[in-house]
Visitor: 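Following this message is one structure expressed as structure tokens.
As the structure is a computational prediction, the values presented were derived from the model and not from experiment.
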Amino acid sequence: MTKVEQYQSVVGRINWILFLVAVFALPFPQIISRYALVTWLVGWVLELRWLQSSHLKEQLSHLKYITPILLFGIWYAWRALSGLWSPDHRAWSFMMERYMTFGLLVPVALWGVNARYDWRIAGKVLAIACALSVPFYVIFFTALHTHPEWVKALGYQDWNFTVSNWWLSFMENCSYIKHRLFWCTTQLIGVVAAFQVWKKNTDAKSVMPILKWPLALIMISAIPLSGSRQTIFTAAALLVIAIISILPKKHRWLYGTGVVVIGLAIGCSVLITHPRMKIIMADELSLEQLTKHESRLGIWSVALSEPKDYIWTGLGGGQSVNYLKTKYSELKMRHYLDRNYHAHNQYLEEFMELGIFGLIFFVLAWLSILLLSEGIGKQTAAYFVAAYGLNMLTDCMWGKFDGIALWAVMMIIILLQSRSTKQLT
């Protein structure tokens, strides 16, 4: 073995470990996942895999598997180009920095990851990490609740323990550490990973297949614990997908349609009981009425009040928040302005910043994940696209690095699964 081969072997082994660290960090505080993912990307660059020309040819033979990552890379380049007409270049550059992972993952897809990358191991690490994060947040919150002086030492100056109800206090304050929507989304993906890697109920070599149900229950407990309404609907949607996947193929569409209809009926019946839906039930859909309520309905109404401002070319990358702030000020919506509300809808943000064509390309890039994956990768893609796609309806999933890290790791896992020819053990 030459010195170059020895170097690549050592660095490749280290980078595989760094990738597993990035996977493990997903359900934990954002600052951990940020550094873990960036460190892995740097480690991958040090592998110098582009020196192996034959490796690139091998990757290009699997072009359809990496097409989704390439499409997101083009989307990132499109956002970079929008800097030409973005009025606030500081906001644009901050957005480009935060979204840099979308560009960096393209060469990873092109030149590939080393042979040690095994999606089964990554799936096990993710499932175990998700289960461990639940008691971690409970213990962490309890410790800070009994020792509030620790909060200042951690830099959380605006931490609030005035809520009398323990559960409400937990779900509000833990969002300072890890936004509950991202935490719960990761937990749902963790449940999928647990059932994929431990598909059989018995295994003479491991007790983990037997423990997949307790692990799943621990992960699912994060949803009611966090109080995330959106994730409850997302979990229901994933359950519908799971039920459809086990239906007999002969009548899958017929039975599947019935399951979807029942799921929608239950979801709608729960939704209309929500206090904020009284506005719609009372037919008070005017902008004046909606903006009186501090809710997403008010934000979306303001954002869509004058679509001619951005419908074709968009406002430019990173400009949606400033645009909304201007509108809040014009409409004298002081409570919205003070909170500096963003769009709270990833699709709406894409529409505002990149125009109608940018939005269409964004949706196609997401659908390509499902259409261009194979085998177990298609199954994972279905759950991931559904969970992420639904959550993007009520929040900007890439407004925090949590969402970007989850996207990057899942894209690699789906790519590995699609290229794998092995059967689940």
Visitor: Between H342 and H344, how do the two ring planes meet: parallel, tilted or perpendicular, split at 30° and 60°?
Guide: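 Answer is parallel, since the angle falls under 30°.
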Visitor: Please answer whether the main-chain N or O of L415 pairs with a side-chain N or O of S418 as donor and acceptor at a distance below 3.5 Å.
Guide: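 No, the answer is negative, given that no donor and acceptor are paired below the 3.5 Å cut-off.
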Visitor: I'd like to know if the side chain of W183 pairs up with that of S133 as donor and acceptor (distance under 3.5 Å, no hydrogens or angles considered).
Guide: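 Note: W183 and S133 side chains meet the donor-acceptor criterion.
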Visitor: Do L26 and L37 make a side-chain contact, defined as non-hydrogen atoms from C-beta onward lying under 4.5 Å apart?
Guide: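 Not touching, per the 4.5 Å side-chain cut-off.
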Visitor: With a cut-off of under 6.0 Å to the ring centre and 45° to the axis, is R34 in cation-pi contact with F401?
Guide: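 Ring-cation test returns yes.
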Visitor: Any Lys/Arg nitrogen of D309 or K327 sitting under 4.0 Å from an Asp/Glu carboxylate oxygen of the other?
Guide: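 Looking at K327 together with D309, the answer is yes, because their closest N to O distance falls below 4.0 Å.
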Visitor: Angle class for the F136/F28 ring planes (parallel below 30°, perpendicular above 60°, tilted otherwise)?
Guide: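 It falls in the perpendicular class, over 60°.
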Visitor: With ring-ring contact (aromatic ring centres under 6.0 Å, His included) as the test, would you mind laying out the steps for W398 and F362 before giving the verdict?
Guide: CA-CA 13 Å; W398 294 332; F362 174 75; 5.7 Å; yes
Visitor: Say whether, by atom type as modelled, one donor and one acceptor occur between the side chain of W40 and the main chain of L20 under 3.5 angstrom.
Guide: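 No.
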Visitor: Is a side-chain donor or acceptor of K400 paired with a backbone partner of H179 at a separation under 3.5 angstrom?
Guide: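 No: the side chain of K400 does not pair with the backbone of H179.
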Visitor: Check the pair Y323, D88 against side-chain hydrogen bond (donor to acceptor under 3.5 Å, both in side chains), reporting the backbone distance first and the verdict last.
Guide: CA-CA 10 Å; Y323 177 82; D88 185 350; over 6 Å; no
Visitor: Give a yes or no on whether the backbone of L359 and the side-chain of E350 come within a donor-acceptor separation of less than 3.5 Å.
Guide: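 Absent.
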Visitor: Which residue, W75, W78, F351, forms the ring pair (Phe, Tyr, Trp, His ring centres under 6.0 Å) with F361?
Guide: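 So, applying the ring pair (Phe, Tyr, Trp, His ring centres under 6.0 Å) to F361 and each of W75, W78, F351, only W78 qualifies.
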Visitor: About how many Å separate CH2 of W44 and CD1 of I412, when rounded to the nearest 0.5 Å?
Guide: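 Answer for the CD1-CH2 pair, I412 versus W44, is 9.5 Å.
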Visitor: Within the structure provided, determine whether Q230 and L181 are in side-chain contact (heavy-atom separation under 4.5 Å).
Guide: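 Answer yes - side chains close enough.
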Visitor: Hey, what do you get for CG (L126) to OG1 (T186), rounding to the nearest 0.5 Å?
Guide: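 Reported to 0.5 Å precision, the distance equals 7.5 Å.
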Visitor: Tell me whether Q346 contacts the main-chain N or O of M397 through its side chain, where contact means a donor paired with an acceptor under 3.5 Å.
Guide: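 Here the side-chain-to-backbone pair exists.
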Visitor: Can you measure from CG (L105) to OG1 (T101) and round to the nearest 0.5 angstrom?
Guide: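 Here the rounded value is 8.0 Å.
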Visitor: Side chains of I223 and Q187: does their closest heavy-atom pair fall under 4.5 Å?
Guide: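 Heavy-atom side-chain distance check fails, nothing below 4.5 Å.
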Visitor: Backbone N or O of M96 within a donor-acceptor pair of the Y76 side chain at under 3.5 Å?
Guide: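 Indeed, once roles are kept as given, a pair shorter than 3.5 Å links the two residues.
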Visitor: Just wondering, do M333 and V302 contact through their side chains at under 4.5 Å, heavy atoms?
Guide: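 Heavy-atom side-chain distance check passes, below 4.5 Å.
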Visitor: Given 3.5 Å as the limit, does a donor-acceptor pair link the side chain of T39 with the main chain of Y35, or not?
Guide: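 Looks like yes, one N/O pair under 3.5 Å.
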Visitor: Strictly distance-based, threshold 3.5 Å: is any side-chain N or O of D118 a donor or acceptor partner for the main-chain N or O of R120?
Guide: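 Yes, the answer is positive, given that a donor and an acceptor are paired below the 3.5 Å cut-off.
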Visitor: Please round to the nearest 0.5 Å and tell me the distance separating atom OG of S420 and atom OH of Y65.
Guide: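 The distance works out to 10.0 Å.
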Visitor: With a 3.5 Å distance limit and no angle check, can you tell me whether N391 reaches the backbone of A387 through a side-chain donor-acceptor pair?
Guide: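 Pair found, side chain donor or acceptor close to backbone of A387.
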Visitor: Between E374 and K64, does any side-chain N to carboxylate O distance fall below 4.0 Å?
Guide: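 Salt bridge flag = yes for K64 with E374.
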Visitor: Distance from K378 atom NZ to S373 atom OG, nearest 0.5 Å?
Guide: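 The NZ atom of K378 sits 4.5 Å away from the OG atom of S373.
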Visitor: Any idea how Y328 and Y336 line up, ring-wise: parallel (<30°), tilted (30 to 60°), or perpendicular (>60°)?
Guide: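 It falls in the tilted class, 30° to 60°.
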Visitor: Applying the ring pair (Phe, Tyr, Trp, His ring centres under 6.0 Å) test to Y388, which of W407, F182, W366 qualifies?
Guide: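 Filter result, single survivor: W366.
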Visitor: Quick one: does T185's side chain get under 4.5 Å of L188's, heavy atoms only?
Guide: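 When only atoms from C-beta onward are counted, L188 and T185 do not touch, as no gap falls below 4.5 Å.
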Visitor: Whether the side chain of N345 engages the backbone of T394 through a donor-acceptor N/O pair (distance < 3.5 Å, no angle test) should be reported.
Guide: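 No, N345 side chain to T394 backbone: no donor-acceptor pair under 3.5 Å.
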